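See structure below.
Note that ligands are numbered from 1 as they come in the structure, with each ligand's atoms numbered from 1 the same way. Everything quoted here is computed from the prediction, not taken from an experiment. Side chains are part of it too, since the values below use all heavy atoms of this structure and drop only hydrogens, waters and symmetry mates.
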Amino acid sequence: MRKKGIKHRVVIHNEIQAAADLLKKKQLVAFPTETVYGLGAIIWEEEAVGQIFSVKGRPPDNPLIAHIGNLDEVHLLAKNIPPVFWKLVDRFFPGPLSIVLPKKKSVPYIATGGLDSVAIRMPSNLIAQQLIRACGAPLVAPSANLSGKPSPVTAEQVADDFGEKIAYILDGGKVDYGIESTVISLCSTQGPSLLRPGNITKEEIEAVMGTSLGSPQKEAPPASPGMKYRHYAPCGKVFFFETTEELKQHLLKNPKINRLILGDPLPLNAKTLYLSLRQADKQMCEEICVYINQATRCDQALMNRLSRIILD
Ligand code: AMP
Ligand code: MG
């Protein structure tokens, strides 16, 4: 088991094999992906999948994404696959795009939050790819954080949340993107829809599909259950400002408070958002002041994650 405070080191092949062996023994292993660190279990191991929900404190109706190591695995997970899925695969797999399809009967409901669909993604991170291939099975892997906390972008942050509650953490250093994958659904009778914005934009996906992506319908159960929960929350109180003047006035009211200011003078950035929120917790900031400029307002993924901070 990797302990807190161990510096980043190169992951060697033996270590990936050892991690895969733990997964095969129904244990939980955290690993890097290009988006954020994931907490993995083999999708067919229902007991281990259940453990993911309990160690994270994740509501059972919040479905998990199945991470695949090769395209054959799509057929183990999904049925009624529309041709446009393969067009998207050609362009965006491996990478930060998750696609929801009708699930095969064999996919356990515990992994899909009780839904008849399954989200599929092929990560591009090499450690993630090698781990999935060493398991010979898809891995469900939600972000490796306690539910409600910012997603982890380093192995140390995973250790901060879980300590010895999970079997192993593969340390791949800091991740590339720093926010979770874009999620789209090809399942709805209303047509394809964007469930969660991410680094791959709506416009890029639409250009490949040749049709537009809708917004999810307000239906029961919700199209993307995870989006109704509050996420990414640091311990301190968060304030948002639309002008630097408002921010300045706020700071003048109570200049001595232990606070972190985001978005001024440097603009906010999806890659460093979670890192900054976690730093605020480490420094025991009482408040976090976030200035949202015009560029930030146009960044769908960033605005989506910021809106989750205040959702209750
Ligand atoms: P996380 O793994 O924490 O990034 O969360 C995955 C998110 O993907 C969930 O919270 C859902 O919003 C979405 N998702 C996963 N599977 C499905 C599915 N079958 N249908 C709709 N949304 C899904
Ligand atoms: Mg998450």
Check: of Ser98, Ser117, Gly114, min heavy-atom distance to atom 19 (N) of ligand 1 comes from Ser117
Query raised in the report: With a 4.0 Å cut-off on heavy atoms, does Thr112 reach ligand 1?
Result: no
Note: Met122 and Ile68 closest approach over all heavy atoms is CG-O, 3.4 Å
Taking only non-hydrogen atoms of Leu115 and a 4.0 Å limit, the atoms of ligand 1 in range are 18 (C), 19 (N), 20 (N)
- Task: May I ask you to decide whether Asp160 forms a salt bridge with Arg278, counting only side-chain N to carboxylate O separations under 4.0 Å?
- Result: no
Handout entry: Residues Arg121, Glu180: salt bridge by 4.0 Å N-O rule
Key = no
Can you tell me if NZ on Lys24 sees more than 12 non-hydrogen neighbours from other groups inside 6.0 Å?
yes
Ligand 1 to Arg196, heavy atom cutoff 4.0 Å, flagged ligand atoms 1 (P), 4 (O), 5 (O), 6 (C), 7 (C)
Notebook entry, point to check: So with a 6.0 Å cut-off around CD of Glu203, is the heavy-atom count from everything else above 12?
Noted result: yes
From the list Ile169, Ile166, Leu22, side-chain contact (heavy atoms from CB on, under 4.5 Å) with Leu28 holds only for Ile166
Discussion item. Would Arg58 count as a contact residue for ligand 1, given that I'm defining contact as a non-hydrogen atom of the residue lying under 4.0 Å from a ligand atom?
Written reply: yes
Check: Do any nitrogen or oxygen atoms of Asn62 lie less than 3.5 angstrom from nitrogen or oxygen atoms of ligand 1?
Finding: yes
Here the atoms of ligand 1 under 4.0 Å from any heavy atom belonging to Leu195 are 21 (C), 22 (N)
For Ser143, the atoms of ligand 1 under 4.0 Å from one of its heavy atoms are 2 (O), 3 (O)
Quiz item: Has Ser143 got an N/O/S atom less than 2.8 Å from the Mg ion (ligand 2)?
Solution: yes
**Within 6.0 Å of NZ in Lys104, more than 12 heavy atoms from elsewhere** = yes
